[in-house]
Amino acid sequence: KAGVTQTPRYLIKTRGQQVTLSCSPISGHRSVSWYQQTPGQGLQFLFEYFSETQRNKGNFPGRFSGRQFSNSRSEMNVSTLELGDSALYLCASSLGQSSGNTIYFGEGSWLTVV
Amino acid sequence: GQNIDQPTEMTATEGAIVQINCTYQTSGFNGLFWYQQHAGEAPTFLSYNVLDGLEEKGRFSSFLSRSKGYSYLLLKELQMKDSASYLCAVRDRSRSGGYNKLIFGAGTRLAVHP
């Protein structure tokens with residue numbers, strides 16, 4: 001069974017550009033969440049999607065957005081990139097909306113903004 | 001507010017036992033996860049506690065006391081490859097219905113020495 005797949009794994013962007021990251025959850029999983037990890041702030045929640053609907057959102061500016069498709073795949077977009085957006089972006093997958101479900105992480109997308 | 005505390009660093013000897021503590025204060029507790037993260041890699045799932053008590057999985061065990069807002073991860077028969085960061089994360093239920101938001105502690109860096 002394939003794990004959570006994130007693409008691209010590594011990318012370098014220039015300030016002011018935008019970036020789109022993709023996540024394919026574990027087969028059968030319908031809930032996808034996104035996190036940002038930086039050395040200074042640790043792991044911080046961005047947003048959560050289930051059945052193509054955003055269920056929860058973290059404290060990030062509106063430049064950060066996401067969506068989920070009918071096949072449960074998800075994308076997140078960051079517009080007008082800033083140097084501080086350089087981070088590891090992690091996608092997490094879970095079966096559904098239940099406290100009994102385990103949450104698994106993908107290998108992440110390393111974003112460097114120069 | 002929401003707060004998760006765990007020690008910043010710990011050291012231990014190969015073959016020994018180490019206990020990593022985590023205390024939390026969150027508004028909507030729905031379970032507690034432990035993840036292992038090696039440098040430059042994504043978090044990997046170790047254990048999940050929803051109810052009070054001990055969960056054992058091979059060399060790893062995790063304990064939860066919801067009334068005390070306390071958990072620990074116990075690692076037995078330590079190996080060099082156990083040198084990593086260990087992340088305590090609380091599943092927070094949102095008012096908007098999301099189930100899969102995780103609030104992370106800063107992580108505990110464990111160094112295992114021969």
Side-chain angles (χ1 to χ4, degrees), chain A residues 3-6 9-10 21 23 25-26 29-51 53-60 66 68 72 74 87-110 112, chain B residues 1-9 22 24 26-52 55 57 60 62 64 66 84-109:
Chain A
V4 183
T5 305
Q6 292 188 244
R9 291 292 319 281
Y10 305 92
L21 308 177
C23 172
I26 293 170
H29 283 197
R30 295 170 60 201
S31 178
V32 173
S33 304
W34 289 89
Y35 294 81
Q36 181 197 64
Q37 186 173 31
T38 58
Q41 299 295 319
L43 264 152
Q44 294 192 294
F45 172 78
L46 280 158
F47 16 68
E48 173 189 354
Y49 288 89
F50 177 76
S51 291
T53 303
Q54 188 179 88
R55 301 293 174 141
N56 208 342
K57 190 177 190 309
N59 295 325
F60 279 82
Q68 185 180 35
S72 296
S74 177
L88 174 63
Y89 289 88
L90 291 160
C91 171
S93 155
S94 183
L95 195 59
Q97 298 280 282
S98 165
S99 58
N101 299 147
T102 302
I103 299 174
Y104 299 96
F105 283 86
E107 297 202 335
S109 292
W110 289 92
T112 301
Chain B
Q2 319 220 60
N3 199 42
I4 298 177
D5 287 316
Q6 50 181 132
T8 305
E9 291 185 357
C22 172
Y24 63 89
T26 58
S27 53
F29 180 85
N30 264 292
L32 189 144
F33 287 88
W34 284 96
Y35 291 90
Q36 179 192 63
Q37 187 175 29
H38 285 99
E41 299 181 10
T44 56
F45 170 77
L46 289 178
S47 69
Y48 179 46
N49 295 71
V50 178
L51 303 176
D52 291 352
E55 293 279 341
K57 245 188 201 182
F60 297 87
S62 58
L64 175 66
R66 289 172 296 170
S85 285
Y86 291 85
L87 304 168
C88 171
V90 168
R91 184 183 224 142
D92 185 56
R93 172 85 188 271
S94 78
R95 291 196 196 98
S96 58
Y99 273 84
N100 295 321
K101 173 183 177 180
L102 294 177
I103 302 169
F104 281 86
T108 299
R109 275 194 309 276

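These figures come from a predicted structure and were not determined experimentally. Residue numbering restarts at 1 for every chain, and letters A, B, ... go by the order of the sequence lines.
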Exercise. Are the side chain of A:Ser31 and the backbone N or O of A:Ser94 linked by a donor-acceptor pair below 3.5 Å?
Worked result: no

Problem set entry | With sequence neighbours excluded, residues passing salt bridge (charged side-chain N to carboxylate O under 4.0 Å, His left out) with B:Asp52 | B:Arg66

Exercise. For A:Tyr35, is it the side chain, the backbone, both, or neither that has a heavy atom closer than 4.5 Å to a heavy atom of chain B?
Worked result: side chain

Problem set entry | Modelled atom types, side-chain donor and acceptor of A:Ser33 and B:Asn100, under 3.5 Å | no

For this session: Mind checking side-chain hydrogen bond (donor to acceptor under 3.5 Å, both in side chains) for B:Tyr48 and listing every partner two or more places apart, or none if nothing turns up?
Result: B:Arg91

Exercise. Is it the backbone or the side chain of A:Gln6 that comes under 4.5 Å from a heavy atom of chain B, or both, or neither?
Worked result: neither

Exercise. Which distance, rounded to the nearest 0.5 Å, do you find between the OG of B:Ser62 and the CG of B:Asn49?
Worked result: 3.5 Å

Seminar exercise, completed: Turns out that what part of A:Leu90 lies under 4.5 Å from chain B's heavy atoms comes down to side chain

Exercise. Which answer fits A:Thr102, side chain, backbone, both or neither, if we ask what part of it has an atom under 4.5 Å from a heavy atom of chain B?
Worked result: both

Problem set entry | Side chain, backbone, both or neither of B:Ile103 within contact of chain A (heavy atoms, under 4.5 Å) | neither

